[in-house]
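First comes the structure, then the notes that go with it.
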There are 2 protein chains.
Amino acid sequence: MSMASNIGYIYQDIYRDILNKISDSTFEAGERLPGELELSKLYSCSRATIRKALSILEREGYVYKKRGQGTFVKVNKLDYNLNYLESFTEQMLKSKRKPSSELLMIEKTDDVAVDVKQTLKLNGNDKVYRVKRLRYADEKIMAYEITNIRSDLCPDIQKYIDDNSSLYDVYEKVYGLKLKYGDVSLEAVLADEEISEILDIKINSPVLLMNCNVYLENDEPLYHVLCYYIGERYAFTARQYR
Amino acid sequence: MSMASNIGYIYQDIYRDILNKISDSTFEAGERLPGELELSKLYSCSRATIRKALSILEREGYVYKKRGQGTFVKVNKLDYNLNYLESFTEQMLKSKRKPSSELLMIEKTDDVAVDVKQTLKLNGNDKVYRVKRLRYADEKIMAYEITNIRSDLCPDIQKYIDDNSSLYDVYEKVYGLKLKYGDVSLEAVLADEEISEILDIKINSPVLLMNCNVYLENDEPLYHVLCYYIGERYAFTARQYR
DNA sequence: CAGTGGTCTAGACCACCCG
DNA sequence: GGGTGGTCTAGACCACTGA
């Protein structure tokens with residue numbers, strides 16, 4: 001195994017390595033992976049570490065396990081865009097659509113709604129970077145997105161954002177922030193005049209309004225995002241376990 | 001610890017025991033739980049088993065962990081109605097609202113849409129039970145639901161359903177079926193004439209359309225459900241981990 | 001029957017937090 | 001420095017599967 005990163009954890013490296021081998025068809029769809037004991041010999045680690053790596057792959061839907069039989073590569077990996085915190089870019093790439101963005105506005109402001117101030121734990125005149133973007137898939141408008149980012153955690157973020165930037169890449173690679181989870185809510189609303197104009201749809205069209213707060217590893221809030229998805233073009237999907 | 005069930009696993013028993021102690025405020029909201037080492041002594045098991053139990057509680061949103069500090073009982077357990085496969089009834093009870101249903105229709109039919117036939121793996125003239133219901137919370141209409149249930153798995157289901165039945169209870173307690181997971185999709189649509197009439201809302205109101213297929217432990221499909229939620233009254237929520 | 005994944009143990013070292 | 005949770009090891013026994 002070629003392991004580029006030594007900073008991480010063993011199970012992370014193994015997870016990535018197996019994922020790569022699934023992606024490049026070293027492990028083909030439907031194929032049985034080597035048993036856990038064999039993998040632990042291959043990677044020179046304990047079986048518990050292998051199981052941790054496999055459990056992530058299972059949670060994310062890349063493999064499934066059958067007791068007494070083995071671990072298998074899933075044939076049709078469905079993308080559940082609600083099960084994991086993923087960027088729009090990552091979602092589109094997974095579903096083999098071409099993502100792009102149009103940057104409409106960046107501003108640094110302390111004019112923030114009260115509830116957003118609370119969830120972002122802003123004091124007094126603390127400012128946010130507000131980023132407004134249109135999100136496209138295969139050149140078709142999918143959504144209009146308004147993000148409020150805590151300015152203290154991402155100073156001068158405007159320098160790193162252009163039309164097709166992935167904000168996730170900026171958080172993780174520029175600022176070294178570790179995103180942990182997001183709390184999402186979804187509801188159906190009608191497009192008002194402003195939204196319908198921006199999304200280039202008829203007024204009173206159905207729109208999926210997503211509201212999401214994203215937190216770091218230390219449970220500190222990083223940003224809040226509102227996103228209006230065109231009802232006919234976008235659906236959220238999830239697998240719920242009992 | 002009083003352990004009623006010996007059949008299960010140690011971590012399951014510990015999970016349940018801690019959950020009970022959270023419910024009856026033996027562990028109060030915001031309080032720190034005993035450390036993992038201490039818990040492993042308390043329950044006479046290894047620390048790994050304690051961690052397994054705690055990880056379930058964490059996933060389900062009952063506790064959170066802080067490295068270097070401890071494991072704490074969550075003050076406001078949010079209910080993420082998309083993270084786990086729960087019945088409408090269970091969701092409402094968790095959020096302290098009174099659920100009720102109005103049974104509109106039950107029929108046994110082989111008139112099933114092609115895609116539903118496929119997901120339910122119906123052959124030729126295999127029939128489904130189709131159940132149409134209105135779902136209420138605190139006496140207010142929340143949703144209109146159309147369920148197609150495989151008739152071979154639930155013979156004579158009409159005998160066990162009335163206005164306020166929980167279908168989940170029927171599946172699990174009457175037929176002994178073990179539900180494993182559901183695949184959900186959500187989109188925003190407009191209420192057409194039929195839907196607006198049934199839900200008693202204006203035509204072209206925003207509606208959240210949920211489409212869900214539920215599977216058993218052996219990955220066999222059990223039922224398909226379409227549900228129209230009134231946009232202003234219902235929001236779906238989830239916690240997504242990265 | 002041999003091989004698989006599921007559970008469990010009794011250790012160990014680490015990064016992190018607080019007093 | 002002492003306690004916390006996060007990672008990891010090298011074993012063990014079990015339940016389940018298929019040949």
Side-chain angles (χ1 to χ4, degrees), chain A residues 1 3 5-18 27 30-59 62-74 176-178 180-181 215-220 241, chain B residues 1 3 5-18 27 30-59 62-74 178 180 216-219 241-242:
Chain A
M1 171 170 54
M3 265 190 282
S5 62
N6 296 340
I7 49 163
Y9 301 112
I10 299 174
Y11 72 82
Q12 273 284 357
D13 290 334
I14 295 172
Y15 158 79
R16 272 195 289 266
D17 192 67
I18 295 179
F27 296 135
E31 189 183 335
R32 217 205 74 188
L33 296 184
E36 297 179 350
L37 215 59
E38 195 174 344
L39 284 172
S40 69
K41 281 169 197 156
L42 272 171
Y43 287 104
S44 306
C45 68
S46 74
R47 195 180 148 217
T49 304
I50 292 292
R51 282 180 63 74
K52 175 106 183 177
L54 288 179
S55 76
I56 301 174
L57 288 165
E58 188 186 23
R59 256 195 319 150
Y62 292 103
V63 305
Y64 61 96
K65 297 172 165 198
K66 290 209 174 188
R67 189 198 287 227
Q69 294 184 59
T71 304
F72 301 85
V73 180
K74 255 195 201 158
L177 298 168
K178 289 195 177 174
K180 185 175 172 192
Y181 61 85
Y215 299 84
L216 301 174
E217 283 221 306
N218 55 8
D219 293 318
E220 281 298 304
Y241 286 91
Chain B
M1 171 169 57
M3 265 191 283
S5 63
N6 296 339
I7 48 162
Y9 301 111
I10 299 175
Y11 71 83
Q12 273 284 358
D13 289 333
I14 296 172
Y15 158 80
R16 272 194 290 264
D17 192 68
I18 295 179
F27 296 135
E31 188 181 338
R32 217 205 74 187
L33 296 184
E36 296 179 350
L37 215 59
E38 195 174 342
L39 285 172
S40 68
K41 282 170 196 154
L42 273 171
Y43 287 103
S44 308
C45 68
S46 74
R47 195 179 149 219
T49 303
I50 293 294
R51 282 181 62 74
K52 177 107 184 176
L54 289 180
S55 75
I56 302 175
L57 289 165
E58 187 186 22
R59 254 194 322 147
Y62 293 102
V63 305
Y64 61 97
K65 298 172 165 198
K66 290 207 175 191
R67 188 197 288 228
Q69 295 184 60
T71 303
F72 301 84
V73 181
K74 255 198 202 152
K178 289 194 177 176
K180 184 175 172 192
L216 301 174
E217 282 220 306
N218 56 7
D219 293 320
Y241 286 89
R242 181 111 176 112

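Reminder, nothing fancy here: chain letters follow the sequence lines and each chain counts from 1.
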Take the protein atom [atom1] of [X] and the nucleotide atom [atom2] of [N], then report the distance between them rounded to whole Å.
| X | N | atom1 | atom2 | value |
| --- | --- | --- | --- | --- |
| B:Lys66 | C:dC18 | NZ | P | 8 Å |
| A:Leu39 | C:dG3 | CG | C1' | 14 Å |
| B:Arg51 | C:dT7 | CZ | C1' | 16 Å |
| A:Leu54 | C:dG5 | CG | P | 8 Å |
| B:Tyr43 | C:dT9 | OH | C1' | 18 Å |
| A:Tyr64 | C:dT4 | OH | P | 16 Å |
| A:Arg67 | D:dA15 | CZ | P | 9 Å |
| B:Phe72 | D:dG5 | CZ | P | 8 Å |

Any side-chain N or O of [X] under 4.0 Å from OP1/OP2 of [N]?
| X | N | result |
| --- | --- | --- |
| B:Tyr11 | C:dT7 | yes |
| B:Lys65 | D:dG6 | yes |
| A:Ser46 | D:dG11 | no |
| A:Arg47 | D:dA10 | no |
| A:Thr49 | D:dT7 | no |

Nearest atoms (heavy-atom pairs only) where B:Pro34 meets B:Leu42
CG-CD1, 4.3 Å

Tell me the closest heavy-atom pair linking B:Leu39 and B:Leu54, and the distance in Å.
CD1-CD1, 4.2 Å

Quick one: which of C:dC8, D:dT4, D:dG6 gets closest to the side chain of B:Glu36?
D:dG6

Name the residue closer to the 5' end of DNA chain D, choosing between B:Gly70 and A:Lys52 according to the nucleotide with the nearest heavy atom.
B:Gly70

5′-ward residue of the pair A:Ala48/A:Gln69 relative to DNA chain D
A:Ala48

With a 4.5 Å heavy-atom cut-off, do B:Tyr64 and B:Thr71 have their side chains touching?
no

Going by distance alone, is a donor N or O of one side chain under 3.5 Å from an acceptor N or O of the other, for B:Asp13 and B:Tyr43?
no

Is B:Glu36 salt-bridged to B:Lys41, cutoff N-O under 4.0 Å?
no

